[in-house]
Amino acid sequence: MTNIFIANLDWEITSEDLKTTFSAFGTVLYAHVVYEKDTKRSKGFGYIEMETADGAIAAIQALNGLEVNGRKLDVKIASPKENRPPRKEVVEKPYVKKTFDKKPGSFSSRSNPRNSNDNKENK
DNA sequence: GTTGAGCGTT
């Protein structure tokens with residue numbers, strides 16, 4: 001199994017596209033494109049795990065520098081995941097109690113212009 | 001409707 005790092009991807013490229021592309025050079029065990037966690041948009045790079053290093057090298061040599069939508073792909077061997085923490089486990093949120101914090105003087109009488117004068121002329 | 005270096009789960 002060989003990990004491949006693909007960068008300089010177009011923002012519209014999906015994992016399926018990578019998988020399909022790399023499948024032409026060998027068996028793709030894993031295909032993943034990293035997305036923005038905020039905007040849910042693609043970061044423009046992803047990962048591919050191929051079954052054999054032979055197909056991986058072939059794919060790298062074939063796809064590296066490939067011009068896609070005016071940009072050339074950057075395909076290379078990926079770094080180990082162990083260098084960086086994959087993910088933070090979901091943390092359970094403690095009691096979030098909503099405290100009604102009233103500030104002194106906050107309830108001061110709001111000026112009501114209409115209240116000071118009666119428009120109704122009752123005579 | 002936007003943006004563009006870099007290495008992992010949106």
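On a predicted model such as this, the values are computed, not experimentally measured, just so you know. A note on names: the letters A, B, ... follow the listed sequences, proteins ahead of strands, and every chain is numbered from 1.
If you take CG of A:Asp17 and P of B:dT10, they are 20 Å apart, rounded to a whole angstrom. Rounded to an integer number of Å, the gap from CD of A:Glu36 to C1' of B:dG4 is 10 Å. Atom CG in A:Leu73 sits roughly 16 Å away from atom C1' in B:dC7 (whole-Å rounding). Rounded to whole angstrom, the span from the NZ atom of A:Lys43 across to the P atom of B:dC7 amounts to 10 Å. One can place NZ of A:Lys76 at 13 Å from P of B:dA5, the figure rounded to the nearest angstrom. The distance from atom CG of A:Asp10 to atom P of B:dA5 is 14 Å, rounded to the nearest whole Å. Rounded to whole Å, the distance from NZ on A:Lys72 to C1' on B:dG4 is 17 Å. The distance between atom CG of A:Leu9 and atom P of B:dT3, rounded to the nearest whole Å, is 18 Å.
Using a 4.0 Å heavy-atom distance criterion, A:Ile4 is classed as making no nucleic acid contact. Among the heavy atoms of the strands, none lies under 4.0 Å from A:Ile48.
In terms of heavy atoms, A:Lys40 sits closest to A:Tyr35 at O-CD2, 4.2 Å.
Residue A:Tyr35 places its side chain closer to B:dT10 than to any other of B:dC7, B:dT10, B:dA5. When distances are taken from the side chain of A:Arg41 to each of B:dT10, B:dC7, B:dG1, the shortest belongs to B:dG1. In this structure, of B:dG4, B:dT9, B:dG6, it is B:dG6 that holds the atom nearest to the side chain of A:Ala7. Checked against B:dG1, B:dC7, B:dG6, the side chain of A:Asn8 finds its nearest nucleotide in B:dG6. Considering only the side chain of A:His32, B:dT10 comes nearest among B:dG4, B:dT10, B:dC7.
Contacts of residues 62-70 of chain A with DNA chain B (heavy atom under 4.0 Å): none.
Stacking between A:Phe45 and the base of B:dC7 is absent under the criterion of ring centres within 5.5 Å and planes under 30 degrees.
Contact annotation: the side chain of A:Arg71 approaches that of A:Asp10 to within less than 4.5 Å [non-hydrogen atoms, C-beta and beyond]. Here the side chains of A:Asn64 and A:Asp74 are in contact, with some heavy-atom distance below 4.5 Å.
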For residues 47-55 of chain A, please give each side-chain donor-acceptor pair under 3.5 Å, one per line with the distance, not counting sequence neighbours.
residue	atom	partner	partner atom	Å
A:Glu51	OE1	A:Thr27	OG1	3.3
A:Thr52	OG1	A:Gly55	N	3.3

Between side-chain atoms of residues 15-25 of chain A and protein atoms elsewhere (two or more places apart, or another chain), which donor-acceptor pairs fall under 3.5 Å?
residue	atom	partner	partner atom	Å
A:Ser15	OG	A:Val33	N	2.9
A:Asp17	OD2	A:Thr14	N	3.1
A:Asp17	OD2	A:Thr14	OG1	3.1
A:Thr20	OG1	A:Glu16	O	2.7
A:Thr21	OG1	A:Asp17	O	2.7
A:Ser23	OG	A:Lys19	O	2.3

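Of the two residues contacting DNA chain B, namely A:Val33 and A:Tyr47, the nearest-nucleotide position lying further toward the 5' end is that of A:Tyr47.
Once rounded to the nearest 0.5 Å, the distance linking CD1 of A:Ile6 with CZ of A:Phe45 reads 10.5 Å. If you take CD1 on A:Ile60 and CD1 on A:Ile4, they are separated by 4.5 Å, rounding to the nearest 0.5 Å.
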